[in-house]
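Take a look at the structure below.
Residues: numbered from 1 along the sequence shown. Only heavy atoms go into these numbers, but all of them, side chains included; no hydrogens, no water, no symmetry mates.
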Amino acid sequence: MTDSPYFPENTDEPVGAVLARRRKSLKIPGQVLGERVGMSQAKISRLETGKSTPDPSDVRLIAEALALPDVEVDRLAALAERSSNQLVDWHSTEAGLQNRQNRVRHLETAVREVRTFQPAVVVGLLQTSEYARAILTALRTSLDDDEIADSALAVSEAVSTRLQRSEMLYEAGRSFTFIMTEAVLRNQVCPAADMVAQIGRLREVAQLPNVRLLIIPENVELSIAPFHGFELMGDRYVMVDLFNTTIGSDGRHTIRLYQRVFDTLEAMATSDIDTMLDAHQYRYIRMLPGAVA
């Protein structure tokens with residue numbers, strides 16, 4: 001057992017609660033503590049209440065300012081590191097389709113490099129409006145009951161925000177690497193005419209100088225299973241979309257893990273994608289009304 005009066009071993013008490021308890025025992029106002037460590041009172045409050053993921057360096061700074069013993073400072077920083085490596089559910093703070101899109105846009109805007117993998121649907125930044133509408137409409141079933149009534153409006157707003165996100169593809173100084181499996185082209189999530197337009201959009205984006213669009217062919221033996229899609233925002237954040245929410249992490253260990261997964265997927269993918277695009281686009285063209293079989 002530790003001899004610390006502040007953080008007994010095996011406790012489940014969150015890091016923020018420990019710091020708050022220590023601050024209050026010293027009768028230090030949150031604003032005063034914030035001034036000592038160069039943080040806003042609001043940031044101190046979010047950390048103490050668990051509304052934001054504790055950054056290990058911030059925790060160390062605050063713990064030292066509260067004159068905690070070195071062993072406790074190290075312990076709290078280590079716990080914060082483990083906490084930041086967890087994938088956190090956005091559902092409680094970013095409910096609603098448009099809010100999720102705005103949150104992603106905010107994260108993407110803050111970095112210069114975006115790397116995305118999708119095994120089942122076209123990457124969000126590359127979707128046409130009709131493809132995006134089909135995808136997001138399907139998510140209406142994930143909305144809470146009190147949101148169903150205006151879900152059509154929610155979908156339209158989310159589609160608009162998703163298209164606004166894609167404008168960053170044309171910004172100088174940014175780089176994008178997108179990897180998809182060939183199954184993405186085969187999965188028909190909207191009418192054939194919209195799938196034809198979507199594949200045309202992929203051809204267009206692939207020509208941009210700051211975009212790398214890679215596809216893992218169906219006949220490739222996979223060295224790692226494509227369990228789910230994810231997006232890496234530089235080396236700062238990784239997020240994973242689920243049906244009813246998005247989870248994400250800024251933990252260094254988690255980000256490094258997903259970077260290795262991405263590198264493995266990239267090794268299986270090819271940028272020579274025209275033949276695959278041709279084949280699937282032709283398949284959808286043959287589905288169009290009046291097309292010759």
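- With rounding to the nearest 0.5 angstrom, the CG atom of L202 is 11.5 Å from the NE2 atom of H280.
- For D263, the salt bridge (Lys or Arg N to Asp or Glu O under 4.0 Å) partners at least two apart in sequence or on another chain are R115.
- A65 approaches V37 most closely through the heavy-atom pair CB-CG1, 3.5 Å.
- Taking CG of L265 as the start and CG of L214 as the end, the distance is 10.5 Å to the nearest 0.5 Å.
- R36 places no side-chain N or O within donor-acceptor distance of the main-chain N or O of L66, the cut-off being under 3.5 Å.
- Within 6.0 Å of CZ in R236 there are 12 or fewer heavy atoms belonging to other residues, nucleotides or ligands.
- Checking D70, D74, D55 one by one against R60, the salt bridge (Lys or Arg N to Asp or Glu O under 4.0 Å) holds for a single residue, D74.
- E231 places no side-chain N or O within donor-acceptor distance of the main-chain N or O of T116, the cut-off being under 3.5 Å.
- Of the inter-residue distances, the one linking L68 atom CG with L19 atom CG reads 7.0 Å to the nearest 0.5 angstrom.
- Evaluated for a side-chain contact (heavy atoms from CB on, under 4.5 Å) with F176, the options V123, L125, L213 yield exactly one hit, L125.
- D241 and T246 form a side-chain donor-acceptor contact under 3.5 Å, judged by distance and modelled atom types alone.
- The shortest heavy-atom contact between P217 and M268 is CD-O, 3.9 Å.
- Looking at heavy atoms from C-beta onward, M39 lies out of side-chain contact with L47 at the 4.5 angstrom threshold.
- The shortest distance between side-chain heavy atoms of R283 and R186 falls below 4.5 Å.
- Here the closest heavy-atom approach between residue I255 and residue D235 is recorded as CD1-O, 3.6 Å.
- With V189 as the partner, the side-chain contact (heavy atoms from CB on, under 4.5 Å) test is satisfied by one option alone out of V122, I135, T137: I135.
- Put simply, the side chain of R23 never gets that close to the backbone of E48: no donor and acceptor are under 3.5 Å apart.
- A salt bridge is defined here as a Lys NZ or Arg NE, NH1 or NH2 lying under 4.0 Å from an Asp or Glu carboxylate O, and E204 with R201 meets this definition.
- With hydrogens and angles disregarded, no donor-acceptor distance shorter than 3.5 Å links the side chain of Q118 to the backbone of A120.
- Residues V111 and Y237 have side chains not in contact (no heavy-atom distance under 4.5 Å, counting atoms from C-beta outward).
- Note: D250 CG to M233 CE = 12.0 Å, rounded to the nearest 0.5 Å.
- Taking the side chain as every heavy atom from C-beta outward, C190 and M195 approach each other to under 4.5 Å.
- L185 CG to Y284 OH: the interatomic distance, rounded to the nearest 0.5 Å, is 7.0 Å.
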Worked verdict on F227 versus V240 for side chain to side chain contact (heavy atoms under 4.5 Å, CB included): CA-CA 11 Å; F227 286 117; V240 179; over 6 Å; no
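- The pair R133-D194 does not meet the salt-bridge criterion, since no charged nitrogen lies less than 4.0 angstrom from a carboxylate oxygen.
- Here the side chain of S45 pairs no donor or acceptor atom with the backbone of Q41 at under 3.5 angstrom.
- The two residues P226 and T181 come nearest to each other via the heavy atoms CB-CG2, 4.5 Å.
- Using bins of under 30°, 30° to 60° and over 60° for the plane-to-plane angle, the ring pair H228/F230 lands in the perpendicular bin.
- Side chain of T109 to main chain of R105: a donor-acceptor pair is present (N/O by atom type, distance under 3.5 Å, no hydrogens or angles).
- S166 approaches L163 most closely through the heavy-atom pair OG-O, 2.5 Å.
- Comment: E72 does not engage R22 in a salt bridge, judged by the lack of any side-chain N to carboxylate O separation of less than 4.0 angstrom.
- R256 contributes atom CZ, which lies 13.0 Å from atom CG of L232 (distance to the nearest 0.5 angstrom).
- Contact record, L126 with Q198: O-NE2, 2.9 Å, taken as the closest heavy-atom pair.
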